[in-house]
Structures are given as C-alpha cells and as structure tokens.
There are 2 protein chains.
Amino acid sequence: MANRPLAPKLIATRAWVPGSADAGLSRSLLSQEEAAKLATIATISRFRRGDTIYTAGTQADAVYIISSGLVKVFRQDQPGSQILIFAFALEGDIIGMADDGAYSNSATAANNVTAYRIPIKSLRSRMLSDLGLDLALLAKLVHELRASQRHAFILSERLVANKIAMFIEMLEQDQASRLGLTPEEVHLPMSRRDMAEFLAATPAAITRGFKTLEKAGILRCRDNHHVAILDQAGFTQLVNGSLHPGGDVATRTRNGGSRLPLKRSGSR
Amino acid sequence: MANRPLAPKLIATRAWVPGSADAGLSRSLLSQEEAAKLATIATISRFRRGDTIYTAGTQADAVYIISSGLVKVFRQDQPGSQILIFAFALEGDIIGMADDGAYSNSATAANNVTAYRIPIKSLRSRMLSDLGLDLALLAKLVHELRASQRHAFILSERLVANKIAMFIEMLEQDQASRLGLTPEEVHLPMSRRDMAEFLAATPAAITRGFKTLEKAGILRCRDNHHVAILDQAGFTQLVNGSLHPGGDVATRTRNGGSRLPLKRSGSR
DNA sequence: CGCGGCGTTGATAAAGCTCAAACATAGTGG
DNA sequence: CCACTATGTTTGAGCTTTATCAACGCCGCG
C-alpha cells in the first residue's frame, strides 16, 4: 500500500506542535487509513495544459487534491484585466476554496495535471465523522495561510530583483522540504509570464530582474527553468530586504563573505 | 446577538455552504455552548496602545481571540527594515498563527485591546474532543486565507490610489458584514502610517493617493478616519482595476467630463 | 514651553510600466 | 523536412509614479 499512488496526499509542515527533529520538513497529513477513506469518495480528474479546472464565481461543488502536475490558482476580475496568481499548486496541495458556495478564484492547469476530485458534500459528511481528516485540513489551511502571507510579503517588495530572489527562496524551501535536502539547483517549473503574474510585474521586468541578479553574481541561470544560487550570503540579504541589489551588493565586500565562500566577488 | 460579553466570539462568513439568505454576512461560528467551553480555558488579557502581544520567532504558547480593540499583525524581518502589516484584527478575529511551534509574525495593540488568551495545549486537547470547535476554526481559517489573498491582490496593484480604494472597499465590506447594513461612512480606525504599512507604500504616497481620489470626486474625507464614497460607480471601477485614476481623471478635462471606461484589450 | 511623533507638502531621481519590435521556440500541416 | 503560425521571451526608448529626502505645521505630552 505504501508505494501505490492511488490515495490522495496532503502535504504541510507542522504549525503549533514544535517538532525539532524534522523542522521545516513537509509531512503527509493523512494516515493511510484516512487517505484510503478519502479515496473512496474521490474520483480522479485529468487536465491538459491550459485546461480550466474551475472558474471564480461558479458553484463550488468539489475540491481537488493535486496528485501530479502544476496548477495555477489565480484571480482575474475582468477578462483582459490584470491577473494575479495566488499560488502554484502541486502534489499534495488542495485547491478549491469557496466563498458562500462559489469558488473565490480560478484554477487552470499549467501542464498535464492529475488530481483527486472530492465533492464538497461527501467531504462534509466525512469530516463530521472523521476527526483526523478535520485536523489534517486545519493544518493544511494554516500552511496555506502562511504561504499566502509570504506571497503578500513578496509583493510588498518594491524592486523586482528582490521579489525574484524571494520567489526563488520560496521555491527552494518548498523543494527542500519535499525532498528532505537542499537541491543544488532550484527548479522553476513555470514560465516567465507566470512568474510575472505571481510577482505582480511584467515579463519584461522579470527578464531584467534575473539579469540584474546574474550580473550581481547572486545566481546563475542554466536555463529559464533552472537557477543555482552562487552567493548565498548576498542572496539571503536580498531576501531579507536589507539591501538593494543594484547598489550595495557590489560594495558588500566590507562585511559580507565571512560565513560562506563567495565564488566571485565584486566583479564590476 | 447575546448581551454576555464574557465568552469568546469567532466571526466569519460561510465558505462552501451556500447560504443565500445571509450572503456576505458574518456569523458567529461558535455555539453558546462551545463559546462557554472555550471560556473555561481562556484568560482575559488587556493591552494598551503600543503593547506587544507576541513577537515573531518566539515560542507560541497561546492564541488570542480579540474581544475589543484593534491589533496589528505584521512582519518585520530586521529591526529598522520595512514593515508589512498582514492584517488588522478586531473583535471576533483570532491571532497567533505559528510555524513549527514559533509565532510566524508579530502583533501589537493599535489601541486598547482586550482579548481571550487560549493556551495551545488546552486548545488542542479541547479540539480533540469537540468537533464543533474544529469546524469553527476551519471556517475561520478559510476566512483568513481569503482575507490574505485579498491583501495580496491589493498589493499587486500598481497605483496607490487604487490600493487605497480597494482597502476602503475591504473595510466597507467588513463593516457592512458586521453591522448587517452598509454604513454611510467607512471608518478607518488606523493611522495613515498603518495604512502605508498595510499597503506597502509610504505615508506620503497615502496622503497623495487620498488627494487624488478626492480630486477625482470618488470620495470625500470628513477627517482622517472617516470617508464617504461619493461616486460608487467610479469607485467600483477603480476597485476592479479597470481604470487608472491618474490617467483618465487628468484627461477628463479634454474629454469634456464624461467618465469613460477606457479598458485595454488584446486585439490587434 | 520644548519635544517627538504624525501628517502634509515639495523637489529630485530611480525603477518599472507602456508600447513596440526583434528574437526564439514550439507545434502544425503541407 | 520545411515553411508557417502562435506563443513566449528578450531588448529598447520614452513616460509615469512613487520612493527618497527634506522642511514645515499640528497635536499631545511631559
């Protein structure tokens, strides 16, 4: 049973319960038993790249637990107006939040997606009888809320280069917590345009932001979907918003590089 | 409804359950019974304006349900660096989210605050036995998540005047759902500086944004804490991001004063 | 009465958006 | 296999908004 991919997984980190052992690690929130029970009320849905999974404002009859693929959860008030992507959902994420019975945002598949579709009614009745499921959803929602606040924090940044750095750090942590180790390269599974719509910027600004970070020696892009962090110290400072990439990073030779080896410093 | 102020209240709107009757209305999520049970494990805390309620990174031993007053929930990475206010919490809100046993953001009282302090341990044991409490927290978290996404959406706006309009609309809806009717004036209980820190702008920009909205005839400020919406249609368009206040309002003199939608479309 | 925080107003500079065109990369059908 | 189209990405030039920095008025408070 352990190696079968046929039961939904819900992934999150611990919230109030301190767990120093696996701090920062994602755990599966559902016991096998609970996952199996959920599987009995779920159906498997498949979506192709670009497919609409649900649309904001329509009646919310089901939530989806992503099994594989990448889903963009977004909001667009008027057709043709600005889009803001709220989250990139992947395996172990649950989507389909509703407000007064209607989906409060939209979701489309960014590539081929398989997901468990769980009707709300079944879920509700199941929740009333199964406390563990309840607590799992609670933990997942806390996780989501934190992620959303982090998103807001990224959006509050003024310079696009900083936003990008924070975005990459977010993906890095996510991947690290899923894999259990920090990968050499961070994988950016979405397009530049998607990044722009997540970071509230234009694709052009995203391109230039990456260029800025590369020129500053902070990171290196193998291609548009794989970046390596070269200057971890400078990167962290960027993420913490304490300095601006254009000016100070180059002049950071004063204090910075004591903790980690810098590959190349201050080439200007 | 009830006149006993001695039990905690949790306020939220409905999520998946459609309730066409009281759509958009806040409901108290706890039955009197549950509230009473919660009260037995809660203690009342009082804070004065400026007091710290908890600090990010410290051990999270309790959550707080606000009974009265205004609390700023915020994050500040480095002392002296940028602050982002995530939420203004008031009566019926719950604060104290944690990550791996530590508070993930900070909270201070914006004025005199009374709150129910509920130790995590008691809450957990209570949750395991009381399913209703569980579901109430779930509903509240969905509410919070939506609020956070809305915040992100506001932050994604480029022009400060639009941000302000969306912020006012947010407060208006909140007040309307609490009162059960749309008030004539929207109350802004926080300072300009707090708004700036919520909207990721500077106080100066906030001032100028309000000026812009007033000059455009969208709203009128009785004082710094009370605004009335004069042009509901224009206001709504601003909130939906379909129209730029600076551009169109300035060009209005050329166009002879007619309010024109001027939306952009991708047709070529 | 002086002090410090807040709010407003004014100049300047920087960063990003808009618009637009060149470029790259698929996917498609001949 | 190739043109051909559609989509995404990059680059460039001009314009707008806001951050920054500063000064000033206001108010409450010691």
NA contact type, A:Ala204, heavy-atom cut-off 4.0 Å: base, sugar-phosphate, or nothing? base
Check every strand shown and say whether A:Ala196 touches a base, only sugar-phosphate, or nothing at a heavy-atom separation below 4.0 Å. nothing
Fit a plane to each ring of A:His151 and A:Phe198, take the angle between them on a 0 to 90° scale, and name the class: parallel (under 30°), tilted (30 to 60°) or perpendicular (over 60°). parallel
Could you state the [atom1]-[atom2] distance from [X] to [N], rounded to the nearest angstrom?
X        : N      : atom1 : atom2 : answer
B:Leu159 : C:dC17 : CG    : P     : 11 Å
B:Asp223 : C:dT8  : CG    : C1'   : 16 Å
B:Leu199 : D:dT18 : CG    : P     : 12 Å
B:Arg192 : D:dC26 : CZ    : C1'   : 15 Å
A:Asn162 : C:dG16 : CG    : P     : 9 Å
A:Ile206 : D:dT11 : CD1   : C1'   : 15 Å
A:His225 : C:dA26 : NE2   : P     : 9 Å
B:Met195 : D:dT18 : CE    : P     : 16 Å

Closest to the [X] side chain, choosing from [options]:
X        : options                : value
B:Lys211 : C:dT9, D:dT10, C:dG7   : C:dT9
B:Thr202 : D:dT17, D:dT10, D:dT20 : D:dT20
A:Ala205 : C:dG7, D:dT10, C:dG16  : C:dG16
A:Thr207 : D:dT11, C:dT8, C:dG16  : D:dT11

Does CZ belonging to B:Arg117 count more than 12 external heavy atoms closer than 6.0 Å? yes
Is the count of non-hydrogen atoms from other residues, nucleotides or ligands lying under 6.0 Å from B:Gln232 atom CD greater than 12? yes
Testing the basics here: between A:Tyr103 and A:Gln59, what is the closest heavy-atom pair and its distance to 0.1 Å? CE1-O, 3.5 Å
Could you check B:Ile164, B:Val186, B:Ile168 and say which one makes a side-chain contact (heavy atoms from CB on, under 4.5 Å) with B:Leu219? B:Ile168
Any [X] side-chain nitrogen or oxygen under 4.0 Å from OP1 or OP2 of [N]:
X        : N      : result
B:Arg193 : C:dC6  : yes
A:Ser191 : D:dG8  : no
A:Asn224 : D:dT10 : yes

Please determine whether any donor N or O and acceptor N or O are separated by less than 3.5 Å between the side chain of B:Arg208 and the base of C:dG10. yes
